[in-house]
Amino acid sequence: VMLFSAFGEEPVDLYVQIHDRKIGMSNRGYVFFSFSEREGKVLTVRDINIFMLIYLSGMQAEKFYFNDQRLFGAAQDMDKWLYYAKLYLIHDEQTIFFNNPQNQFEQYHNSQLLADLKQKQSQILSEFFNSNRVVLEELVCSLKENKRLDFDKLKPYLEKIINIDEISK
């Protein structure tokens, strides 16, 4: 959710909600966010980068905040990240990405490109959360207390975001 401010986006329908319930072996629940992706809009490379970072950021924020990686709740975000990552790599003029890999070499090549992209973006997000540790902690405390934060309650936190060069590009 913090990334929207970093990208200069202010989706007024944005909200974040915590769900306290047991999921599998976890008693921690999960955090859900929602915003409207603009229907009919032609995606730019910047839009695709924004979506990739947003969908990877939840898992990275949990990893940063809890100092280890959680497994629950990230599966759908990873599916969405993978969709945008493939779209990005297919259209990247500097990269050869096989849309329909025909053999093990092409599958391995694609897997390596995706792993490299995820690692690069994870490093960007790590730097972002390091720069915004206080905001993340305040936001988590408020979310635990209120269970749901609509845009008007998120805005004061989003205004405190310190941007980093890699995100503002």
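Basis for what follows: all heavy atoms, side chains included, without hydrogens, waters or symmetry-related copies. One is the number of the first residue; the rest follow in order along the sequence.
- Taking Y83 as the reference, nothing meets the side chain to side chain donor-acceptor pair (under 3.5 Å) condition, with sequence neighbours excluded.
- Screening I54, I48, L56 for a side chain to side chain contact (heavy atoms under 4.5 Å, CB included) with M52, the sole residue that qualifies is I48.
- Partners of E145 under the side chain to side chain contact (heavy atoms under 4.5 Å, CB included) rule, at least two apart in sequence or in another chain, do not exist in this structure.
- In summary, the side chains of N110 and E106 do not present any donor paired with an acceptor at a separation below 3.5 Å, with no hydrogens or angles considered.
- Under the side chain to side chain contact (heavy atoms under 4.5 Å, CB included) criterion, S142 pairs with N146, L149, Y157, sequence neighbours left out.
- Under the side chain to side chain donor-acceptor pair (under 3.5 Å) criterion, D150 pairs with R148, not counting sequence neighbours.
- Scanning both residues, M2 and L158, for their nearest heavy atoms gives CA-CD2, 3.9 Å.
- For H91 (side chain) and L87 (main-chain N/O), a donor-acceptor pair under 3.5 Å exists by modelled atom type.
- Proximity of E138 to V134: side-chain heavy atoms (C-beta onward) are separated by under 4.5 Å at one or more points.
- Taking each heavy atom of L43 and Y84 in turn, the nearest pair found is CD1-CE2, 3.9 Å.
- Residues K118 and M78 form a side-chain contact, since some pair of their non-hydrogen atoms from C-beta on lies under 4.5 Å apart.
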Ignoring hydrogens and angles, write down the donor-acceptor pairs under 3.5 Å from the side chains of residues 93-102, residues two or more places apart or on other chains.
from : atom 1 : to   : atom 2 : distance (Å)
T95  : OG1    : D92  : OD2    : 2.7
Q102 : NE2    : N100 : O      : 2.7

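- Remark: side-chain polar atoms of N132 are not paired, donor with acceptor, to backbone N or O of I161 under 3.5 angstrom.
- In this view, K120 satisfies the salt bridge (Lys or Arg N to Asp or Glu O under 4.0 Å) rule with no residue, not counting sequence neighbours.
- In terms of the side chain to side chain donor-acceptor pair (under 3.5 Å) criterion, residue partners of S122 (sequence neighbours excluded) are, by chain and number, Q60.
- In terms of heavy-atom proximity, A85 sits nearest to L117 at CB-CD2, 3.8 Å.
- Annotation: side chain to side chain donor-acceptor pair (under 3.5 Å) contacts of Q104 (sequence neighbours excluded): none.
- Listed here is the closest heavy atom pair of A61 and L136: O-CD2, 4.3 Å.
- Residue L139 holds its CG atom at 11.5 Å from NZ of K144, rounded to the nearest 0.5 Å.
- With sequence neighbours excluded, no residue forms a salt bridge (Lys or Arg N to Asp or Glu O under 4.0 Å) with E127.
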